[in-house]
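When a residue number appears, it is its place in the shown sequence, counting from 1.
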Amino acid sequence: MRAYQRFAYVSLTALAIGLGGCQGYVKKADFDSAIGDLRANQQKQQQEIDGLTQQMQQKFAQYDAKIAEMNGRIHVDTASHFAFNDATLRDQDKPLLDDFAKIVSKNYPQAVVTVEGFTDAAGGSAYNMRLGRKRADAVRDYLVNTGGMPADQVRTVSYGKALNRQVIKGKSGDDGEPNRRVSLVVDFAGTQAQASPQTTPQAPQG
């Protein structure tokens, strides 16, 4: 709820200025009404998030994916895995992405989805940032072109081989497959994630 609280405070300040106009003050009845409306909207949004989280948990129980709710966002971890040094989307991962696109489009069509790309621990950081981006782009393209999600509402970001985001820290090759993945984040507040800068590729790695 922290994201909603911050949004409420900003909205309330703007509303108070608007209500005050040239008079320099806001009537208590107007102020109380504004607070009541903001709280009602927050509660409604939270109920929608809770409902969608539960629906995804039930639907995705058959897949190798973990669903978590964090500060007004729904995080679908491990939506897709990739072969070593490869960004090709696997056929076995497409059914989850199909279900994801249908659920989000039906329940919250205005939400922004961020596709996060990851690599294993092999090789240099620069190339892995680029490879993580390619993996995220592959999933994004599938969600848009096949899943029918609006292109301007699906973003990509690469975390490469960031140690604090590896499933099995320091692993690569056959042992590092859990690290070579893409995750999905549904942002109900519509906040666009900042994409990591692309870098010049080096020698091939995981």
Side-chain angles (χ1 to χ4, degrees), residues 52-70 73-105 111-149 151 153-187 193-199 201-206:
L52 185 52
T53 300
Q54 183 178 8
Q55 184 177 355
M56 283 188 174
Q57 288 173 338
Q58 294 173 348
K59 187 68 175 179
F60 295 164
Q62 59 183 309
Y63 304 119
D64 180 22
K66 297 179 180 179
I67 313 298
E69 179 185 329
M70 301 178 297
R73 298 178 177 180
I74 295 177
H75 191 271
V76 183
D77 196 18
T78 315
S80 303
H81 283 110
F82 294 85
F84 183 82
N85 194 35
D86 189 76
T88 303
L89 184 62
R90 306 185 308 178
D91 288 339
Q92 58 262 46
D93 292 328
K94 293 178 180 179
L96 182 151
L97 298 177
D98 292 335
D99 287 339
F100 176 87
K102 291 177 183 177
I103 292 174
V104 173
S105 297
V112 171
V113 174
T114 301
V115 185
E116 302 176 334
F118 304 89
T119 70
D120 64 25
S125 298
Y127 182 86
N128 278 315
M129 288 295 290
R130 186 180 179 89
L131 181 57
R133 169 78 67 177
K134 289 181 179 179
R135 289 170 176 169
D137 286 343
V139 171
R140 178 193 180 276
D141 290 346
Y142 185 85
L143 290 174
V144 172
N145 298 330
T146 302
M149 300 191 71
Q153 291 176 220
V154 186
R155 321 293 187 184
T156 60
V157 62
S158 174
Y159 291 101
K161 65 171 189 174
L163 185 63
N164 65 333
R165 290 180 175 267
Q166 291 179 15
V167 177
I168 305 178
K169 296 186 184 302
K171 294 295 183 180
S172 59
D174 292 340
D175 295 333
E177 184 184 33
N179 294 329
R180 300 191 295 270
R181 72 197 192 281
V182 157
S183 296
L184 304 168
V185 178
V186 184
D187 191 340
Q194 295 296 322
S196 299
Q198 295 198 28
T199 49
Q202 299 174 356
Q205 42 245 309

Task: Working for side-chain contact (heavy atoms from CB on, under 4.5 Å), residues V157 and V185 - done: CA-CA 11 Å; V157 62; V185 178; over 6 Å; no

Open item on the list: I'd like to check L184 versus V115 (side-chain heavy atoms, cut-off strictly below 4.5 Å). Are they in contact?
Closed with: yes

Open item on the list: Apply side-chain contact (heavy atoms from CB on, under 4.5 Å) to residues F100 and V113 and explain how you reach the verdict.
Closed with: CA-CA 11 Å; F100 176 87; V113 174; 3.9 Å; yes

Task: 4.5 Å side-chain heavy-atom contact, N164 and Y159 - done: no

Open item on the list: Taking atom CG as the centre, does D174 end up with more than 12 heavy-atom neighbours from other residues, nucleotides or ligands that are less than 6.0 angstrom away?
Closed with: no

Task: Donor-acceptor contact present, side-chain K161 to main-chain A122, <3.5 Å - done: no

Open item on the list: What I'd like to find out is whether the side chain of T119 reaches to under 4.5 Å of the side chain of R135, using heavy atoms alone.
Closed with: yes

Task: Student check: side-chain heavy atoms of R90 and S80 closer than 4.5 Å - done: no

Open item on the list: With rounding to the nearest 0.5 angstrom, report the CZ to CG distance, R165 to N179.
Closed with: 13.0 Å

- [ ] Could you tell me whether a side-chain N or O of Q153 sits under 3.5 Å from a main-chain N or O of A111, the two making a donor and an acceptor?
- [x] yes

TODO: Have a look at T156 and tell me which of K134, E116, R133 forms a side-chain hydrogen bond (donor to acceptor under 3.5 Å, both in side chains) with it.
DONE: R133

Open item on the list: Are there over 12 heavy-atom neighbours, none belonging to K94, within less than 6.0 Å of that residue's NZ?
Closed with: yes

Task: Side-chain (R140) to main-chain (T114) donor-acceptor, under 3.5 angstrom - done: no

TODO: With the side chain counted from C-beta on, respond yes when V139 and L97 share a heavy-atom pair under 4.5 Å apart, and no when they do not.
DONE: yes

- [ ] To the nearest 0.5 Å, tell me how far D120 CG sits from N85 CG.
- [x] 9.0 Å

Task: Heavy-atom side-chain contact between Q166 and F118 under 4.5 Å - done: no

TODO: Taking the side chain as every heavy atom from C-beta outward, state whether F82 and L131 have any atom pair closer than 4.5 Å.
DONE: no

Task: Evaluation steps, side-chain contact (heavy atoms from CB on, under 4.5 Å), between M149 and S105 - done: CA-CA 7 Å; M149 300 191 71; S105 297; 4.0 Å; yes

